[in-house]
Amino acid sequence: MRIGLTGGIASGKSLVSSYLKDKGYPVVDADIIAKRVVEPASPALDQIKAVFGQGMIDESGQLDRKKLGSVIFSDQTKREQLNKIVHPFVRSEMKREADEYEQNGHKVIFLDIPLLIENKLEYLVDQTWVVYVDQPTQLNRLITRDQSSEEEALQRISAQQSLEQKKAFATIVIDNRESKEETYRQVDEAIRYTVS
Ligand SMILES: CC(C)(COP(=O)(O)OP(=O)(O)OC[C@H]1O[C@@H](n2cnc3c(N)ncnc32)[C@H](O)[C@@H]1O)[C@@H](O)C(=O)NCCC(=O)NCCS
Ligand SMILES: Nc1ncnc2c1ncn2[C@@H]1O[C@H](COP(=O)(O)OP(=O)(O)OP(=O)(O)O)[C@@H](O)[C@H]1O
């Protein structure tokens with residue numbers, strides 16, 4: 001069984017996926033894969049250079065993530081251009097990793113995919129778990145975690161579909177507004193309900 005874990009930026013997907021990993025479940029992480037597919041000399045990085053310019057690459061040949069982030073989170077057209085380059089590589093790599101876990105005998109695999117609903121990737125999974133918080137909590141946690149301004153944080157939040165809308169697509173909603181322990185309790189319950 002493949003379970004998609006999604007939510008919004010800073011809604012608590014990493015909190016939940018670390019907990020699942022501690023419990024021994026494999027987690028395929030789209031953010032980690034998205035970083036890997038743009039490593040120096042990758043075809044995705046070459047395409048980013050061609051579209052966004054050499055200025056997006058730092059002296060060591062790595063993608064300048066901060067610079068590209070400030071371009072794409074404030075401009076929807078540029079964001080779509082980047083998505084079109086990176087997402088196909090991320091999708092095929094996610095499938096490959098999930099297949100590999102299955103071949104190695106894992107019966108339950110989680111896929112942590114921030115944009116699962118925006119990109120209509122439900123076909124990749126059997127269930128969708130949405131890690132939910134209200135918007136003021138999301139904004140506060142994002143500003144605290146990334147040391148960003150309110151304006152920057154709001155820009156990033158509005159680059160995604162709202163969590164209120166995402167809840168409608170959920171097989172299970174994990175409400176992460178309260179303590180981490182309360183969230184772990186809900187994850188345990190969701191596992192009991194789904195997996196056993
Ligand atoms: C623009 C980039 C270089 C900025 O890097 P940075 O290190 O600041 O952010 P990071 O990759 O850690 O992403 C943090 C969060 O931002 C959100 N986010 C990232 N990319 C996007 C996007 N294209 N659209 C909406 N939200 C996004 C996700 O919630 C993600 O968890 C990077 O986010 C990127 O390459 N994005 C395109 C790939 C992508 O869509 N990744 C998200 C899931 S596949
Ligand atoms: N229940 C909670 N109580 C207090 N702080 C929390 C709680 N859940 C998460 N946080 C904090 O909020 C921030 C965002 O959580 P996390 O990094 O897990 O979100 P995320 O959904 O993985 O974000 P991203 O989409 O950016 O990868 C982190 O600093 C985390 O420590």
Side-chain angles (χ1 to χ4, degrees), residues 4-22 27-39 42 44-45 47-49 51-52 55-58 62-95 97 110-121 124 129-149 152-163 166 174-187:
L5 194 64
T6 194
I9 187 162
S11 76
K13 294 177 302 298
S14 303
L15 180 82
V16 171
S17 69
S18 312
Y19 185 66
L20 291 164
K21 279 186 216 157
D22 288 348
V27 179
V28 175
D29 186 321
D31 276 342
I32 293 178
I33 294 173
K35 291 190 171 92
R36 212 163 59 215
V37 301
V38 297
E39 273 170 4
S42 61
L45 191 61
Q47 289 177 40
I48 290 172
K49 241 186 280 183
V51 172
F52 294 92
M56 293 298 150
I57 314 297
D58 68 18
Q62 303 274 347
L63 177 63
D64 188 332
R65 307 184 64 82
K66 212 172 151 46
K67 226 184 213 171
L68 186 58
S70 71
V71 170
I72 68 115
F73 286 111
S74 59
D75 184 329
Q76 188 181 345
T77 307
K78 298 220 164 90
R79 190 162 64 246
E80 282 165 5
Q81 282 178 308
L82 178 67
N83 291 347
K84 227 159 137 184
I85 296 171
V86 178
H87 288 174
F89 291 105
V90 175
R91 260 198 313 272
S92 63
E93 191 54 19
M94 277 193 306
K95 278 194 214 148
E97 276 191 21
F110 288 89
L111 287 85
D112 179 343
I113 314 178
L115 303 176
L116 189 152
I117 291 163
E118 286 87 340
N119 291 341
K120 303 188 171 39
L121 299 179
L124 287 176
W129 293 9
V130 171
V131 185
Y132 169 83
V133 286
D134 56 85
Q135 226 221 55
T137 307
Q138 184 181 23
L139 183 62
N140 276 334
R141 287 184 186 163
L142 180 55
I143 290 172
T144 308
R145 187 194 62 186
D146 290 359
Q147 302 284 293
S148 54
S149 68
E152 254 174 340
L154 280 170
Q155 242 175 21
R156 288 195 173 217
I157 290 173
S158 55
Q160 303 181 343
Q161 202 173 322
S162 81
L163 279 161
K166 287 189 181 181
I174 312 248
D175 183 341
N176 186 35
R177 285 178 294 176
E178 307 299 331
S179 66
K180 295 182 180 179
E181 289 65 34
E182 169 52 21
T183 294
Y184 298 149
R185 191 197 60 71
Q186 291 175 55
V187 174

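Note that ligands are numbered from 1 as they come in the structure, with each ligand's atoms numbered from 1 the same way.
For K78 against F52, the heavy-atom pair with the smallest separation is O-CZ, 3.5 Å. Residues G7 and V130 share a closest heavy-atom pair of CA-CG1, 4.4 Å.
Contact between K35 and ligand 1 is present, with at least one heavy atom of the residue lying under 4.0 Å from the ligand. Residue contacts with ligand 1 include H87, since one or more of its heavy atoms lies under 4.0 Å from the ligand.
Protein heavy atom at the shortest distance from atom 23 (N) of ligand 1 is N83 OD1, 2.8 Å. The protein atom (non-hydrogen) at minimum distance from atom 31 (O) of ligand 1 is D31 OD2, 2.6 Å. Of all protein heavy atoms, the one closest to atom 37 (C) of ligand 1 is L82 CD2, 3.6 Å. Remark: minimum distance from atom 27 (C) of ligand 1 to any protein heavy atom is reached at F73 CE2, 3.6 Å. Regarding atom 2 (C) of ligand 1, its nearest protein heavy-atom neighbour is R65 NH2, 4.1 Å. The nearest heavy-atom contact from the protein to atom 16 (O) of ligand 1 is I9 CD1, 3.4 Å. Counting protein heavy atoms only, atom 17 (C) of ligand 1 is closest to Q160 NE2, 3.3 Å. Shortest contact from atom 44 (S) of ligand 1 to any protein heavy atom: A30 CB, 3.9 Å.
Here E118 pairs with K166 under the side chain to side chain donor-acceptor pair (under 3.5 Å) rule; sequence neighbours left out. Partners of E93 under the side chain to side chain contact (heavy atoms under 4.5 Å, CB included) rule, at least two apart in sequence or in another chain, are I33, R36, R96, E97. Applying the side chain to side chain contact (heavy atoms under 4.5 Å, CB included) test to S179 and every residue at least two apart in sequence or in another chain returns E181, E182.
Those atoms of ligand 1 with a heavy atom of I72 less than 4.0 angstrom away are 1 (C). Of all the atoms in ligand 1, the ones that sit under 4.0 Å from a non-hydrogen atom of A159 are 25 (C). Those atoms of ligand 1 that come under 4.0 Å of a heavy atom in R156, given as number and element, are 8 (O), 9 (O).
Two residues are said to be in side-chain contact when any heavy atoms from C-beta on lie closer than 4.5 Å; D31 and P114 meet this criterion. Residues D29 and K35 form no side-chain contact, since every pair of their non-hydrogen atoms from C-beta on lies 4.5 Å or further apart.
Using a heavy-atom distance under 4.0 Å as the criterion, the protein contacts of ligand 2 are G8, I9, A10, S11, G12, K13, S14, L15, D31, R141, R145, N176, E178, S179, K180.
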Legend entry - Pair S17-V27, side chain to side chain contact (heavy atoms under 4.5 Å, CB included): steps then yes or no: CA-CA 7 Å; S17 69; V27 179; 3.9 Å; yes

Legend entry - Residue pair L111, L5: steps toward the side chain to side chain contact (heavy atoms under 4.5 Å, CB included) verdict: CA-CA 6 Å; L111 287 85; L5 194 64; over 6 Å; no

Inset, instruction - Kindly determine whether L121 and L115 satisfy side chain to side chain contact (heavy atoms under 4.5 Å, CB included), including the steps that lead there. - result: CA-CA 8 Å; L121 299 179; L115 303 176; over 6 Å; no

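At under 3.5 Å, not a single nitrogen or oxygen of R79, backbone or side chain, sits near a nitrogen or oxygen of ligand 1. Polar contact with ligand 1: absent for K13 (N/O pair, distance under 3.5 Å).
With V187 as reference, I174 is the one residue of N176, I174, L15 to meet the side chain to side chain contact (heavy atoms under 4.5 Å, CB included) rule.
Rounding to the nearest 0.5 angstrom, the gap separating the CD1 atom in I143 from the OG atom in S149 is 7.5 Å.
Summarising the local packing, CD of Q161 is surrounded by more than 12 heavy atoms from other residues, nucleotides or ligands at distances under 6.0 Å.
If you check the side chains of N140 and T137, you find no donor sitting under 3.5 Å from an acceptor.
Neither the backbone nor the side chain of V38 comes within 4.0 Å of ligand 1, counting heavy atoms alone. Neither the backbone nor the side chain of I113 has a heavy atom within less than 4.0 Å of ligand 1.
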